[in-house]
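Data block below; observations after.
Please read all numbers here as calculations on a predicted model, not as lab measurements.
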Amino acid sequence: MRLSWIKRELGHLGIPPLKRFGQHFLIDKRVRDAMITTARLSGEDELLEVGPGLGFLTEELVKHAGRVVAVEKDRTLVKYLKQHFSTVRNLEIIQGDALTVGKAGCTKLVSSPPYNISSNLVLFITRNRFNTSVLLFQDEFVKRLTAKSGSREYGRLTVALQVHADAEIVMKVPRSAFYPSPRVDSALVTIKPRDDLIQKIRNPALLEDLVRSLFTQRRRRLNKVLKKYIESRYPHGSNSILSQIKVPEKRVFQMNPTELVELANEIARTLREEV
């Protein structure tokens, strides 16, 4: 898809891409080929594409997968896609928000999504547990997904992902791979589910609430932040709960996902014993 062509098509459609849902359209065939190769698609695969835009990636996905569900929020682009792919039988195009449409029976996700849904899309992936997700995100955002505990990039989103899945950077992608060019470079990343920590979680809702609360003060000492959390959530039994919990001598952002799961499990255990 030549740059001149995409400019012409967007002009005909009257779409200013910088203002449409944070979208930057992928135009680099080498990056597209890398996404297809990384996804290891076969005729048995049913996959979801979030934000297909003008169908640059879509046209290759339908050649390699058994079924493709492309969810696009922009009504003008949906109309264009339905006309452009009118003869393609293994493609379903849905107008709507992919985060509310759901998994649509798909087991893989391959997308170059709008940057402004990145965080919510990652949480969507952890809830729906696709076998493989292959995505283009901003490079700085990918660093947050793959960060180690104790690093500057490590935060609540890191934990939310790494409890459920492993993220791995495949390659860096220059801003020139998109039209219009974003202000930052991107990276191709894979996300694959993990089961070891999931099986250990005693109370998923408690873990989510704990992580959300702790990371509002990520650089403070864990014992101080945890004390406030317990006192606010369980005011009548806080002293008893705190006396039974072994709290690591760390700051919040130094706690790795496994340690946070263990801490949440300790709280869940003491709550059961208090009942």
Side-chain angles (χ1 to χ4, degrees), residues 1-118 120-121 124-125 128 130-137 173 177-182 186 188:
M1 185 176 290
R2 298 188 305 273
L3 179 56
S4 59
W5 183 89
I6 195 170
K7 286 182 176 180
R8 185 175 67 248
E9 291 299 297
L10 291 173
H12 289 163
L13 294 171
I15 296 176
L18 278 173
K19 298 180 181 179
R20 288 280 178 146
F21 312 119
Q23 180 65 285
H24 297 269
F25 296 92
L26 179 66
I27 59 173
D28 191 317
K29 290 184 178 181
R30 291 172 299 178
V31 176
R32 181 179 65 180
D33 290 345
M35 296 178 74
I36 299 297
T37 300
T38 302
R40 297 185 179 183
L41 300 176
S42 74
E44 302 298 316
D45 287 323
E46 299 188 31
L47 66 87
L48 179 67
E49 183 186 10
V50 178
L54 290 171
F56 178 67
L57 177 60
T58 315
E59 66 183 13
E60 288 300 312
L61 293 177
V62 295
K63 295 176 184 177
H64 293 85
R67 173 175 173 256
V68 177
V69 179
V71 184
E72 174 58 57
K73 196 171 186 178
D74 189 297
R75 294 179 183 275
T76 304
L77 288 175
V78 168
K79 182 178 179 181
Y80 171 85
L81 289 166
K82 287 185 175 181
Q83 292 174 346
H84 187 72
F85 292 102
S86 60
T87 61
V88 178
R89 301 305 176 198
N90 65 333
L91 173 64
E92 179 182 358
I93 300 167
I94 299 175
Q95 193 278 316
D97 184 344
L99 304 181
T100 58
V101 168
K103 195 174 181 179
C106 298
T107 56
K108 290 185 177 182
L109 189 154
V110 183
S111 298
S112 176
Y115 289 153
N116 62 359
I117 68 166
S118 297
N120 287 334
L121 181 58
F124 171 82
I125 290 169
N128 288 280
F130 294 89
N131 293 344
T132 301
S133 296
V134 179
L135 298 138
L136 284 173
F137 286 135
V173 177
F178 301 89
Y179 174 77
S181 297
S186 297
L188 179 60

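Separating the CG atom in L41 from the OG1 atom in T132 is a distance of 9.0 Å, to the nearest 0.5 Å. Distance check: H84 NE2 to L77 CG gives 12.5 Å after rounding to the nearest 0.5 Å. Q83 CD to I93 CD1: the interatomic distance, rounded to the nearest 0.5 Å, is 10.0 Å. For the atom pair CD (E92) and CG (L48), the distance works out to 10.0 Å, reported to the nearest 0.5 Å.
When every heavy atom of A34 is checked against every heavy atom of T38, the shortest pair comes out as O-OG1, 2.7 Å. Residues P114 and G51 come closest through the heavy atom pair CD-CA, 4.5 Å. Nearest heavy atoms, C106 versus V69: SG-CG2, 3.8 Å. In plain terms, the two heavy atoms of A65 and L47 that are nearest each other are CB-CD2, 3.5 Å.
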Do L109 and F124 pass the side-chain contact (heavy atoms from CB on, under 4.5 Å) test, and can you show the C-alpha distance, the side-chain angles, and the key distance before you say yes or no? CA-CA 11 Å; L109 189 154; F124 171 82; 4.2 Å; yes
Please lay out, stage by stage, how M35 and L26 fare under the test side-chain contact (heavy atoms from CB on, under 4.5 Å). CA-CA 11 Å; M35 296 178 74; L26 179 66; 4.1 Å; yes
Apply side-chain contact (heavy atoms from CB on, under 4.5 Å) to the pair V71 and V50, showing each step before the final yes or no. CA-CA 5 Å; V71 184; V50 178; 5.7 Å; no
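Note on residues 46-58: pairs passing side-chain hydrogen bond (donor to acceptor under 3.5 Å, both in side chains), not counting sequence neighbours, are E46-R67, E49-T58. The stretch residues 100-111 participates, sequence neighbours left out, in these side-chain hydrogen bond (donor to acceptor under 3.5 Å, both in side chains) pairs: D45-K108.
Applying the salt bridge (Lys or Arg N to Asp or Glu O under 4.0 Å) test to R89 and every residue at least two apart in sequence or in another chain returns nothing.
The shortest distance between side-chain heavy atoms of S181 and H24 does not fall below 4.5 Å. Inter-residue side-chain proximity for L91 and L81 is flagged as unmet; no heavy-atom pair is nearer than 4.5 Å. Proximity of L57 to V110: side-chain heavy atoms (C-beta onward) are separated by under 4.5 Å at one or more points. Taking 4.5 Å as the limit, some side-chain heavy atom of S112 sits within range of a side-chain heavy atom of F178.
Checking side-chain atoms of E72 against main-chain N and O of Q95 turns up no donor-acceptor pair under 3.5 Å. At least one donor-acceptor pair under 3.5 Å links the side chain of S118 to the backbone N or O of Y115. Within the 3.5 Å criterion, the main-chain N or O of L99 finds a donor-acceptor partner in the side chain of D97.
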